[in-house]
Amino acid sequence: MAVLYGSSPVTSSMTQMNLNRPINIAVVGDVHDLWDSVDQMALQHLGVDLVLLVGDFGNESIETVRAIASLDLPKAAILGNHDAWYSATDWGLKKCPYDRTQEDWVQAQMDLLTEANVGYGKRDFPELDLSVVGSRPFSWGGPVWKNAEFYRQRFGVTTFEASTARIVSTAKDAASQRVIFLGHNGPTGLGDAPEDPCGKDWQPIGGDHGDPDLQAAIAQTKAAGKQVPLVVFGHMHHHLLHTKARLRTPVYKGSDGTVYFNGARVPRILKTDAEVLHNFSLVSLTAQGVIEIALIWIDQELHIREQEVLYSLS
């Protein structure tokens with residue numbers, strides 16, 4: 001069921017959505033400084049209703065975040081571990097290239113994104129009849145509570161349990177009963193093989209490297225009566241460290257119908273002698289849930305050159 005590829009931009013006449021048609025969502029995987037004006041034009045040209053950005057814009061890359069913040073489309077973003085590269089860890093603090101008594105690049109990124117920044121927060125989209133709820137920002141993933149001082153100082157959060165409580169409180173306050181969770185890393189529970197969406201693909205091989213606080217928050221949000229059709233994240237790149245024979249599995253569907261999607265297709269811009277291609281993932285969402293997820297590569301003339309269906313309900 002190919003319903004993803006609009007060719008005209010969103011206009012003011014589309015402010016009130018026809019809720020009988022699919023909502024078209026663009027997912028932007030880990031950016032790692034690969035973002036330019038073509039990305040802005042491509043998203044406008046595709047006519048998507050919502051853009052979700054999973055973070056890792058760069059190593060506290062203020063100019064990249066500034067460019068993304070200027071995107072004039074409904075959007076929600078979460079910041080990743082690279083977005084606190086010089087601030088969260090002891091070794092990062094030692095390598096910090098700026099005077100921390102004069103500048104705070106982490107806070108600068110959050111300030112630039114303003115209401116689009118949903119880490120430990122939310123953004124309601126009443127015209128789409130959905131809310132986007134952010135998980136723990138700056139996540140490195142895994143079952144150990146890392147960067148304790150960073151989270152205590154920045155957010156007053158000191159444990160996974162406290163992190164879960166903060167996410168759930170926000171989700172309960174969401175205006176819509178339909179909630180999309182947006183994380184940098186995905187939740188635990190999606191498999192412990194190295195090829196799974198959050199599987200550990202470095203030595204020692206194997207293990208679930210998802211976020212336990214996000215898993216608990218999703219379960220508690222559902223128990224509170226919210227619908228969670230989609231969970232979007234990145235962080236765990238599609239190329240695997242332990243093998244070149246296959247790629248990471250990007251999609252997991254839960255027994256209750258929730259679709260979990262890892263959109264980290266890295267690098268997201270490929271340059272050859274002949275062309276430059278940018279990737280996005282496009283999600284089609286209806287009242288029945290996620291209908292389709294497709295990875296697309298778009299060229300400088302805004303033509304879709306390649307597409308791969310990663311998930312289809314049919």
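All values below come from the heavy atoms of this structure, side chains included, with hydrogens, waters and symmetry mates left out. Residue indices begin at 1 and follow the sequence shown.
Pairs of residues two or more places apart, or lying in two chains, that qualify as side-chain hydrogen bond (donor to acceptor under 3.5 Å, both in side chains) and include a residue from residues 219-233 are Gln177-Lys226, Lys222-Asp256, Lys222-Thr258.
Checking side-chain atoms of Asp299 against main-chain N and O of Leu277 turns up no donor-acceptor pair under 3.5 Å. Under a 3.5 Å cut-off, the side chain of Asn262 and the backbone N or O of Pro197 do form a donor-acceptor pair. A side-chain donor-acceptor contact under 3.5 Å links Arg248 to the backbone of Gly199. In terms of modelled atom types and a separation under 3.5 Å, the side chain of Asn117 and the main chain of Thr114 share no donor-acceptor contact. With hydrogens and angles disregarded, no donor-acceptor distance shorter than 3.5 Å links the side chain of Thr64 to the backbone of Gly58. A side-chain donor-acceptor contact under 3.5 Å links His184 to the backbone of Val54. Side chain of Asn279 to main chain of Ile296: no donor-acceptor pair is present (N/O by atom type, distance under 3.5 Å, no hydrogens or angles). Looking only at distances, no side-chain donor or acceptor of Lys271 sits under 3.5 Å from a matching main-chain atom of Glu275.
Atoms CG and CZ, from Leu52 and Phe261 in turn, are 10.5 Å apart once rounded to the nearest 0.5 Å. A distance of 9.5 Å separates CG in Asn81 from NZ in Lys146, rounded to the nearest 0.5 Å. Between the CZ atom of Arg265 and the CG atom of Leu270 there is a distance of 10.0 Å, given to the nearest 0.5 Å. Between the CG atom of Leu53 and the CG atom of Leu182 there is a distance of 8.0 Å, given to the nearest 0.5 Å.
Residues Asp211 and Ser139 bring a donor and an acceptor atom of their side chains to less than 3.5 Å of each other. Judged by distance alone, the side chains of Gln153 and Glu149 do bring a donor and an acceptor atom under 3.5 Å apart. The closest side-chain donor-acceptor pair between Asp111 and Gln107 falls under 3.5 angstrom. At a cut-off of 3.5 Å, with distance as the only test, no side-chain donor of His242 or Asp201 sits close to an acceptor on the other residue. Inspection of the Arg66 and Ser61 side chains reveals no N or O donor paired with an N or O acceptor under 3.5 Å. Using modelled atom types and a 3.5 Å distance limit, the side chains of Thr249 and Asp196 yield no donor-acceptor pair. A donor-acceptor pair shorter than 3.5 Å cannot be found between the side chains of Tyr86 and Lys94. In the model, Asp213 has no side-chain atom that pairs as donor or acceptor with a side-chain atom of Thr164 under 3.5 Å. In this model, a donor atom of one side chain and an acceptor atom of the other lie less than 3.5 Å apart for His278 and Gln300.
For the side-chain contact (heavy atoms from CB on, under 4.5 Å) with Arg178, the lone residue among Leu285, Val228, Leu128 that qualifies is Leu285.
Contact annotation: the side chain of Ser135 approaches that of Ile78 to within less than 4.5 Å [non-hydrogen atoms, C-beta and beyond]. Residues Leu247 and His239 are in side-chain contact: their nearest non-hydrogen atoms beyond the backbone lie under 4.5 Å apart. The shortest side-chain heavy-atom distance between Val132 and Leu50 falls under the 4.5 Å cut-off. Counting heavy atoms from C-beta outward, Lys253 and Leu313 have side chains that approach closer than 4.5 Å. Trp140 is listed as a side-chain neighbour of Asn147, based on a closest heavy-atom distance under 4.5 Å. Looking at heavy atoms from C-beta onward, Trp202 lies out of side-chain contact with Leu240 at the 4.5 angstrom threshold. Side-chain contact between Leu46 and Ile304: present, with at least one pair of heavy atoms (C-beta onward) separated by less than 4.5 Å. Looking at Leu282 and Val48, their side chains come closer than 4.5 Å, going by heavy atoms from C-beta outward.
Within a 6.0 Å radius of CG in Asp99, more than 12 heavy atoms belonging to other residues, nucleotides or ligands are found.
Here Ile269 is tied into one hydrophobic group with Leu34, Val276, each link being a pair of ILVMFWY side chains closer than 4.5 Å.
Nearest heavy-atom pair, Ser70 versus Gln40, reported as atom, atom and distance to 0.1 Å: OG-NE2, 3.1 Å. Closest heavy-atom contact between Leu310 and Val251: O-CG2, 4.1 Å. Pro187 and Cys198 make their closest contact through O-SG, 4.0 Å (heavy atoms, listed as atom of the first residue, atom of the second, distance). Closest of all the heavy-atom pairs between Ile293 and Val290 is CG1-CG1, 3.9 Å. Of all non-hydrogen atoms in Tyr98 and Val106, the two that sit nearest each other are OH-N, 4.5 Å. Val133 approaches Ala171 most closely through the heavy-atom pair CG2-CA, 3.9 Å.
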task = I would like to know whether Trp91 and Trp85 meet ring-ring contact (aromatic ring centres under 6.0 Å, His included); could you show each step before the answer?
result = CA-CA 9 Å; Trp91 60 262; Trp85 197 247; 5.0 Å; yes
request  = Apply salt bridge (charged side-chain N to carboxylate O under 4.0 Å, His left out) to Lys95 and Asp90, showing your working.
outcome  = CA-CA 9 Å; Lys95 296 176 181 293; Asp90 290 339; over 6 Å; no
query = Could you walk me through whether Arg100 and Ser87 pass the side chain to side chain donor-acceptor pair (under 3.5 Å) check?
reply = CA-CA 9 Å; Arg100 304 187 65 81; Ser87 302; 3.2 Å; yes
query = ring-ring contact (aromatic ring centres under 6.0 Å, His included) between Phe57 and Trp35: does it pass, once the steps are laid out?
reply = CA-CA 9 Å; Phe57 301 115; Trp35 180 272; 8.2 Å; no
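Ring pair Phe138/Phe150: centre-to-centre distance below 6.0 Å. Taking the six-membered ring for Trp and the full ring otherwise, the centers of His32 and His237 sit less than 6.0 Å from each other. The aromatic ring centroids of Tyr120 and Phe155 lie less than 6.0 Å from each other.
Between His209 and His235, the ring-plane angle classifies as parallel under the 30° and 60° cut-offs. In this pair, Trp145 and Phe160 present their aromatic rings perpendicular. The plane angle is above 60°, beyond the 30 to 60° band.
Residues Tyr311 and Trp297 fall within the same hydrophobic cluster, defined by Ile, Leu, Val, Met, Phe, Trp and Tyr side chains chained together at heavy-atom separations under 4.5 Å. Cluster annotation: Phe125 and Val232 are assigned to the same hydrophobic cluster (Ile/Leu/Val/Met/Phe/Trp/Tyr, side-chain heavy-atom contacts under 4.5 Å, transitive). Both Ile291 and Leu130 are members of a single hydrophobic cluster when ILVMFWY side chains are connected at heavy-atom separations under 4.5 Å. When hydrophobic clusters are built by joining Ile, Leu, Val, Met, Phe, Trp and Tyr residues whose side-chain heavy atoms come closer than 4.5 Å, directly or via intermediates, Val168 is not grouped with Val179.
Salt bridge status for Arg268 with Asp39: present, with a side-chain N to carboxylate O gap under 4.0 Å.
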